[in-house]
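Each residue takes its place number in the sequence, starting with 1.
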Amino acid sequence: MLLIKNAKIYDAIHREPFLGDILVKDGKIAEIGTNLSCEGEVYDAKRMNLYPGFVEAHSHIGLWEAGIGYEGQDVREPASPIEPEHRAIDAFCPDDLYVKESLEAGITTVCTGPGSSCVISGQFAAIKTKGIRVDDMVIDPMVAMKCAFGENVKGCFKGRGIDSRMTIAAKRRETLMKAREYDRKKRAAEEDPSVKAPELDFKMEAMLPVIRGEIPLKAHAHRAQDIFTAIRIAKEFGVKMTLEHVSDGHLIVDELAKEPYPVAVGPTMNGLTKYEVRNKNFETPGILARAGCKVSIITDAPVSRQKYLPLCAGMAIKAGMDPFDALQAITINPAHHIGVGDRIGSIEVGKDADFVIEDGLFYDPQSTVEAVFVNGELACGKQNG
């Protein structure tokens, strides 16, 4: 049992903070109030700011290790353009230095997975940043199926059968059609023993959660044309989808506001590494949020250092984003974006006790992270008794 008292609580649900105490039992938030008591540990926040643990909606952290070349690069395997069977948890390294520094910066949950080299490149997982064994850190091993549009796929498979956006879209449609037919045959065999089940197809088995609407496609798309193609295909097959990167989002904001798809914007704190990101800027998250889009801010770590996720939110605020929208863009919005908003992303009774305590505002580079709690346990900082 843990009691955090005298905290200025920013719960990511209400716009204004409030002074209060948080009681934690069995790693969950049990009560939020004032003048609470506890027979267990007590942490006096001394009226410092307490936020939900920050959440990164899109990264490759733990699969692309810090300061290592080939030996630590497990984010891409471009043997085939269709690789839905690949799973992030089978490559995630909890000992990665980037994981440690992310935790120290208050990022308590990351959504991480394979890169964007392939048309379909595999399964993203939602993982806590504290632990030594991924099996004990994972919230959900399969929250989304990564797919990609644009330059990365063309560059990886140039001269190997994919040299145009038409081919990328066609191969995605072909895969979804095969998965839909595979699902039809499996269901028919389950309902009628006299019907022969389809021969086991490992790739199609991995695609079943997508075609059945259990998880979304996680669509890497920077340019407007790729964003619209992603939407077109998702609607054709009736599948769920989230939009990732969305560098041209501010140019098509009115169109995106009409759609139900959440958007993860970034990475922005790096250079113009290719033509399709030439329009990226820190104004995009705010423009999309003001239009009513559900916006997450991302670093795409380690493309940008994940520990700078709060600073990216600060840069978006400087560019015009509302500070409350920016807080939600690194807490509750990414939690919902990756399908685990029922557990993390806000300070509410019943949710995981993941907190960040700072001596200043979350987006101020002068602020110091005083303590980070994960599942109600002090992960960084000193217990102040």
Side-chain angles (χ1 to χ4, degrees), residues 53-64 75-76 86-89 91-92 96 98-99 102 105 107-118 120-129 138-150 152-153 215-222 226-227 230 240-249 256 261-270 273 276-277 280 282 284-285 288 293-310 312-313 316 326 328-341 344-345:
F54 303 136
V55 183
E56 167 87 60
H58 181 112
S59 74
H60 311 287
I61 196 167
L63 281 74
W64 192 350
V75 77
R76 62 194 294 264
H86 289 175
R87 307 197 312 164
I89 60 169
F92 184 83
D96 180 8
Y98 282 141
V99 176
S102 295
I107 295 95
T108 56
T109 298
V110 297
C111 185
T112 188
S116 51
S117 300
C118 302
I120 297 176
S121 52
Q123 304 163 28
F124 267 59
I127 301 173
K128 297 285 182 84
T129 51
V138 67
I139 299 175
D140 190 329
M142 189 177 183
V143 295
M145 181 65 69
K146 177 68 177 293
C147 67
F149 296 79
N152 286 14
V153 183
I215 64 169
L217 288 172
K218 193 173 186 69
H220 165 113
H222 285 279
D226 293 326
I227 293 168
K240 296 179 180 178
M241 184 179 67
T242 61
L243 292 167
E244 316 292 313
H245 306 304
V246 199
S247 294
D248 281 0
L256 289 179
Y261 309 105
V263 295
V265 181
T268 314
M269 196 176 288
N270 65 330
T273 55
E276 67 185 11
V277 302
K280 71 176 182 178
F282 279 109
T284 307
L288 291 171
C293 297
K294 290 297 183 182
V295 178
S296 299
I297 294 172
I298 61 172
T299 66
D300 201 21
V303 177
S304 295
R305 298 280 279 276
Q306 195 169 69
K307 69 177 183 178
Y308 296 135
L309 179 64
C312 289
Q328 290 194 315
I330 62 170
T331 54
I332 190 61
N333 286 357
H336 285 306
H337 188 103
I338 62 177
V340 292
I344 62 168

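- For the atom pair CG of N152 and NE2 of H222, the computed distance is 6.5 Å after rounding to the nearest 0.5 Å.
- Paired with K128 under the rule side-chain contact (heavy atoms from CB on, under 4.5 Å), one option of V138, V110, I344 passes, and it is I344.
- Side-chain atoms of S121 and H220, non-hydrogen and from C-beta on, never get closer than 4.5 Å to each other.
- The aromatic rings of W64 and H60 sit tilted, their planes meeting at an angle between 30° and 60°.
- The side chain to side chain contact (heavy atoms under 4.5 Å, CB included) test applied to T299 returns E56, A301, S304, Q306, L309, C312, not counting sequence neighbours.
- I139 is not listed as a side-chain neighbour of I338, based on a closest heavy-atom distance of 4.5 Å or more.
- Scanning for side-chain hydrogen bond (donor to acceptor under 3.5 Å, both in side chains) contacts around D226 gives R165, with sequence neighbours left out.
- Under the 3.5 Å distance criterion, with hydrogens and angles disregarded, a donor-acceptor pair is assigned to the side chains of E244 and H337.
- In this structure the side chain of T242 never reaches within 4.5 angstrom of the side chain of Y261, judged on heavy atoms.
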Show your reasoning for whether side-chain contact (heavy atoms from CB on, under 4.5 Å) applies to V303 and T273. CA-CA 11 Å; V303 177; T273 55; over 6 Å; no
Going through the checks in order, is the side-chain contact (heavy atoms from CB on, under 4.5 Å) test met by L256 and L243? CA-CA 10 Å; L256 289 179; L243 292 167; 4.0 Å; yes
Under the side-chain contact (heavy atoms from CB on, under 4.5 Å) criterion, do F92 and L63 qualify, and how do the steps go? CA-CA 5 Å; F92 184 83; L63 281 74; 4.2 Å; yes
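- Residue T112 holds its OG1 atom at 12.0 Å from CD1 of I89, rounded to the nearest 0.5 Å.
- Here H58 and H245 bring their ring centres to under 6.0 angstrom of each other.
- Counting heavy atoms from C-beta on, the side chains of Q123 and M145 come closer than 4.5 Å.
- Distance check, rounded to the nearest 0.5 Å: CZ of F282 to OG1 of T268 gives 5.0 Å.
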